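Predicted, not measured: the structure shown is a model, and the values here were computed from it.
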Amino acid sequence: MARGGQGLARLAVVVRAGAAPLWWLGVAAAGIGIVPEGVTGRRIGVLAGAVLFLAAAAVVALARRGRYTALARGAARAGKYDVLQDRAVTVRTWRRGHRWWLLLGGAAALGSAFAVPAAGGMLLAGLGTGLRLKAAWLGRLERTGETLLWVRVDWLDRHGGRPAGKAVKGLRGTGIAAGDAAPGGARRRAAALV
């Protein structure tokens, strides 16, 4: 980067990047997984899946909130020469880095349907929901502090993930209008023409 600047990725975008693929893989696996009778039967499979969905969503949404809060509280102002990474680049990096895990997860969810119908797919969907909830919580944190939170790209793992991992020493902050993603990591809506 020019003059010592760093490449920065939005924290909420990194968190949110896996939400959609996990959700859709889970929904597809649960839909297909309802077809076989399985060992337990469909009724027990769906009930077990509902429990797994709720548990996974809650655990993922609530995990490491203390770490995220501490990092947000200590966020330094982004420098003049720091480069803000586009939302699409961050999402693409995460999804490419995790594509084999996503495929393995989908295959495992489908395979588990022969034992417990739909449960594996509902678990995957719960993981995706939890990530979306965590990103929404980060968005509220950003709005409250009126600061968008960014993490150095070189501090992410080699798959483009772990935005609150041990390698992350701190966050950078910018004004609420910086970058192309809204608070929480969603795509920023185009301003209405007047």
Check: A61 main-chain N/O paired with R65 side-chain donor or acceptor under 3.5 Å: yes
L148-V15 co-clustered via ILVMFWY side chain contacts under 4.5 Å: no
Candidate pair W150 and D82, rule side chain to side chain contact (heavy atoms under 4.5 Å, CB included), full reasoning: CA-CA 10 Å; W150 301 78; D82 286 336; over 6 Å; no
Joint hydrophobic cluster, V13 plus V60, side-chain heavy atoms closer than 4.5 Å: no
Over 12 non-hydrogen atoms of neighbours within 6.0 angstrom of CH2 in W24: no
Minimum heavy-atom distance T147-I176, with the two atoms named: N-CD1, 4.0 Å
G45 to A119 - nearest heavy-atom pair and separation: O-CB, 3.8 Å
OG1 on T40 to CG on L47, rounded to 0.5 Å: 9.5 Å
Minimum-distance pair of heavy atoms, taken over all atoms of P21 and L102: CB-CD1, 3.9 Å
Side chain to side chain contact (heavy atoms under 4.5 Å, CB included) between V116 and V39, worked out: CA-CA 6 Å; V116 188; V39 175; over 6 Å; no
Exceeds 12 heavy-atom contacts within 6.0 angstrom, atom NZ of K80: no
Atom pair CG (L103) and CZ (R99), whose distance is rounded to the nearest 0.5 Å: 9.0 Å
Polar side-chain atom of R64 near backbone of A164 as donor-acceptor pair, under 3.5 Å: yes
All ring-ring contact (aromatic ring centres under 6.0 Å, His included) counterparts of W94, not counting sequence neighbours: H98
Separation between CZ of R152 and CG of L171, rounded to the nearest 0.5 Å: 11.5 Å
Nearest-0.5 Å distance, CG of residue L138 to CG of residue L71: 10.5 Å
Passing option when T93 is tested against V89, T90, V91 for side-chain contact (heavy atoms from CB on, under 4.5 Å): V89
Nearest atoms (heavy-atom pairs only) where L124 meets A109: CD1-CB, 3.9 Å
Expected output: side-chain R67 to main-chain G165 donor-acceptor under 3.5 Å: yes
Path from V153 to L149 over hydrophobic side-chain contacts below 4.5 Å: no
Exercise: identify the closest heavy-atom pair between Y68 and P163: OH-CG, 3.7 Å
Hydrophobic cluster membership, M122 vs I34, 4.5 Å side-chain cutoff: no
Listed once per pair and sorted, the side-chain hydrogen bond (donor to acceptor under 3.5 Å, both in side chains) pairs that draw on residues 124-144, sequence neighbours left out: R10-E142
Test item: D180 side-chain N/O and R87 main-chain N/O as donor-acceptor pair under 3.5 Å: yes
Polar side-chain atom of D157 near backbone of H159 as donor-acceptor pair, under 3.5 Å: yes
Joint hydrophobic cluster, L84 plus L156, side-chain heavy atoms closer than 4.5 Å: no
Main-chain N/O of A17 paired with R95 side-chain donor or acceptor, under 3.5 Å: yes
P36 versus A113, closest heavy-atom pair with distance: CG-O, 3.8 Å
Worked verdict on R172 versus R77 for side chain to side chain contact (heavy atoms under 4.5 Å, CB included): CA-CA 5 Å; R172 303 273 174 94; R77 191 82 179 146; over 6 Å; no
